[in-house]
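Report on the following structure.
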Amino acid sequence: MTSLYHRYALHIADALAALVAAGDLPPGLDTSAVTVEPPRDPTHGDLSTNAAMVLAKPAGMKPRDIAMALAQKLARLPEVETAEVAGPGFLNLRLRAGEWQDELRAILTAKTEYGRSTMGAGRPVNVEYVSANPTGPMHMGHCRGAVVGDALASLMAFAGFAVTREYYINDAGGQVDTLARSAHLRYREALGATIEIPEGLYPGDYLVPVGQALAAEFGDTYVAAPETEWLVLFRTRTVALMMELIRADLALLGIRQDVFFAESSLGDAVQAALDDLAAKELIYEGVLEAPKGEGHDDWEPRPQTLFRASDFGDDSDRALKKSDGSWTYFAGDVAYHYNKLRRGFVDLVDLFGADHGGYVKRMQAAVKALSGGSVNLDVKIVQMVRLFRSGEPVKMSKRSGSFVTLADVVREVGKDVVRFIMLTKKSDSQLDFDFAKVVEQSRDNPVFYVQYAHARIRSVERRAATAGMVLPEPDLTLLDAEELGLVRFAAQWPRIVEAAAATREPHRIAFYLGDLAAAFHSLWNRGNDDASRRLVIEDNAALTAARLALARGVGHVIASGLAVMGVEPAEELH
RNA sequence: GCGCCCGUAGCUCAGCUGGAUAGAGCGCGGGACUUCUAAUCCUGAGGCCGCUGGUUCGAGUCCAGCCGGGCGCGCCA
């Protein structure tokens with residue numbers, strides 16, 4: 001299905017081609033900057049194009065002259081009521097009511113599929129998100145990245161990309177050794193030892209059942225054994241259990257990723273990726289300069305194996321090997337992204353926490369180098385969430401293990417609320433999450449506000465049904481101008497999908513749904529002042545049928561948007 | 001010192017990737033309920049879009065330089 005805006009973009013392209021053919025415009029113009037949009041001020045019409053202004057300079061003509069010629073062509077289209085030139089050279093189109101009635105029919109036919117786009121043309125895109133270290137359950141620090149990444153993946157899939165959702169398991173560093181040692185303590189505890197958790201090990205209770213599982217499996221075999229005998233074994237077992245925990249947490253949010261890629265599975269792939277870079281002469285042994293500023297007093301110049309990241313826009317070259325000869329985390333990540341390239345992805349998206357912002361350039365440099373510049377890595381930075389309870393900050397201390405887990409939050413306020421709220425801001429700005437506010441039933445809670453609109457739509461449908469009304473096929477010509485205005489708003493959904501997918505900003509959906517809900521609530525309230533303007537008019541089945549069709553159409557768009565966000569539309573609210 | 005992100009109404013934030021008179025919610029002033037059609041809606045006041053230059057027919061949006069805030073800065077992950 002082509003969207004209304006695409007159809008008019010084609011009409012405009014046709015008209016421009018006709019003008020070129022007639023010699024009214026020079027050939028070979030670049031029309032890529034031509035847009036078709038709803039004007040900000042609805043009194044200007046239904047659609048607006050900047051074609052004349054964009055083409056004026058390359059064509060060597062006055063914008064208004066181009067606009068006039070274009071207006072003449074477009075005014076001949078049967079669906080166009082008026083085509084007017086305005087301002088510096090805008091061309092405003094007003095469409096016949098039938099065009100909006102048709103669009104509502106299209107919504108009713110497509111239902112929640114309305115808005116699906118072919119923009120992505122099936123391009124394979126990899127979206128990597130969460131990638132939390134497998135050292136414990138997910139807490140609120142991970143939650144936002146999980147939701148934003150998942151919604152972004154859904155959004156891009158809806159926009160026609162072939163999306164793979166991926167999780168990178170950091171199971172090869174020192175943190176998982178620490179995890180294994182912490183589990184060993186709990187293992188001894190399970191076997192009756194009195195333990196004290198030293199500084200630097202993970203204190204969380206979630207390791208208690210892990211210790212019990214290890215005790216059940218191994219008995220007292222490793223209680224007094226030296227670390228070398230149990231470390232690898234305990235690490236493997238514990239990481240597997242932690243990943244079960246994490247998958248369960250993700251499931252609570254409705255997230256199911258396609259690929260879980262373990263750092264530990266890279267093996268020789270690290271060397272292979274680095275060989276690729278070496279073949280391009282991008283690896284060398286060298287000494288980095290000390291960073292300026294404070295906190296680097298203990299700097300000692302040291303020869304290292306380095307990647308020429310600075311050739312690709314990074315600030316410095318980057319180390320690939322530690323002084324003990326093992327790979328750095330970066331080297332593994334280079335190999336991992338090399339693996340993604342070899343799987344055929346042409347677009348990569350990574351979601352990073354804000355504290356990893358400094359890591360973006362080197363990763364992009366690596367992808368640029370490995371792909372020869374043909375693959376783009378887009379990194380979305382996800383900022384912190386601050387938790388509040390009725391305005392009071394919630395204290396969290398990771399050291400004592402008393403952090404707020406994702407599971408706790410989902411249990412308290414529900415998956416849909418968590419997901420929606422996480423998408424109510426641009427991902428790169430800080431977000432405040434107040435347990436009291438997010439469940440409040442009021443205008444300033446966007447989750448409620450949007451859900452309430454959807455519930456109201458369901459409510460009137462039920463009302464017509466329980467009133468025993470027999471509704472005819474809707475005659476959409478019965479809808480008045482204000483009602484068609486709501487269709488106009490709903491018809492923007494396909495544009496919103498494409499804009500949000502192109503910019504990779506899923507929060508735009510939440511804002512759009514809020515606006516759509518507001519438009520619906522506003523229409524609904526007309527019925528308070530004037531009962532004849534209610535949606536359900538019990539003694540007028542024809543009018544009711546038309547108005548319910550409108551409501552249903554809006555409901556489909558809300559449900560479609562919520563589906564992309566991973567939120568269930570509410571049937572009713574209590 | 002360098003890099004990245006951010007400065008928009010009193011507060012919290014949008015601003016459709018350069019368009020027409022900069023928007024919304026909260027808060028403040030005024031109004032509309034026999035409610036599963038008031039958990040809502042209508043209306044009013046409130047802005048040197050941090051500052052200064054530049055690019056452009058046109059800048060909150062792009063560029064440069066300042067000012068202010070956050071994050072990061074050789075082997076951690």
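Throughout, a chain's letter reflects where its sequence line sits, starting with A, and its residues are numbered from 1.
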Taken in chain and number order and not counting sequence neighbours, the residues that satisfy side chain to side chain donor-acceptor pair (under 3.5 Å) with Arg362(A) are none
Where protein sits on nucleotides 14-20 of chain B, one letter per nucleotide: B base, S sugar-phosphate only, - none, heavy atoms under 4.0 Å | SSBS-BB
Watson-Crick or G-U pairs under 3.5 Å in RNA chain B, rendered as dot-bracket with [ ] for crossing pairs and | for another strand = (((((.(..((((.....[...)))).(((((.......))))).....(((((..]....)))))).)))))....
Apply salt bridge (charged side-chain N to carboxylate O under 4.0 Å, His left out) to Asp432(A) and list each qualifying residue two or more places apart in sequence or on a separate chain.
-> Arg386(A)
Is the Tyr336(A)-Tyr338(A) ring centre distance short of 6.0 angstrom?
-> no
For Ala531(A) against Ile537(A), the heavy-atom pair lying closest together = O-CD1, 3.4 Å
Could I get the full list of side chain to side chain donor-acceptor pair (under 3.5 Å) partners for Ser560(A), not counting sequence neighbours?
-> Trp493(A)
Which whole-number value in Å describes the distance from Asp314(A) CG to rG72(B) C1'?
-> 12 Å
Please identify each residue that fulfils salt bridge (charged side-chain N to carboxylate O under 4.0 Å, His left out) with Asp350(A), with sequence neighbours left out.
-> Lys340(A)
Contacts of Ala146(A) meeting side-chain contact (heavy atoms from CB on, under 4.5 Å) (sequence neighbours excluded), chain-then-number -> Val130(A), Met138(A), Leu250(A), Leu253(A), Ile255(A)
For Arg144(A), enumerate each residue passing the salt bridge (charged side-chain N to carboxylate O under 4.0 Å, His left out) test, keeping only those at least two apart in sequence or located in another chain.
-> none
Whole-Å distance, Asp324(A) CG to rC76(B) C1', equals 13 Å
Gln383(A) CD - rG72(B) C1' separation (whole Å) | 12 Å
Partner residues of Thr135(A) under the side chain to side chain donor-acceptor pair (under 3.5 Å) criterion, sequence neighbours left out = none
So which pairs with a foot in residues 543-553 of chain A pass side-chain hydrogen bond (donor to acceptor under 3.5 Å, both in side chains), sequence neighbours left out?
-> Glu483(A)-Arg547(A)
Rounded to the Å, how far apart are Leu306(A) CG and rC73(B) C1'?
-> 15 Å
By side chain to side chain donor-acceptor pair (under 3.5 Å) - contacts of Thr35(A) (at least two apart) | Asn50(A)
Just by protein heavy atoms under 4.0 Å, how would nucleotides 23-37 of chain B read 5' to 3' in B, S and -?
-> --SS-----S---BB
Could you check whether Phe330(A) gets within reach of a base, just the sugar-phosphate, or nothing at all, counting any heavy atom under 4.0 Å?
-> nothing
Could you give the distance separating rA24(B) and rC63(B) at their P atoms, to the nearest angstrom?
-> 29 Å
Can you tell me the distance, in whole Å, between the CD1 atom of Ile169(A) and the P atom of rA77(B)?
-> 16 Å
Would you please confirm or rule out a distance under 4.0 Å between OP1 or OP2 of rC57(B) and any side-chain N or O of Lys57(A)?
-> yes
Check the distance between rC71(B)'s P and Arg386(A)'s CZ and give it to me in whole angstrom.
-> 12 Å
Counting any heavy atom closer than 4.0 Å, what does Gly357(A) reach on the DNA or RNA strands: base, sugar-phosphate only, or nothing?
-> nothing
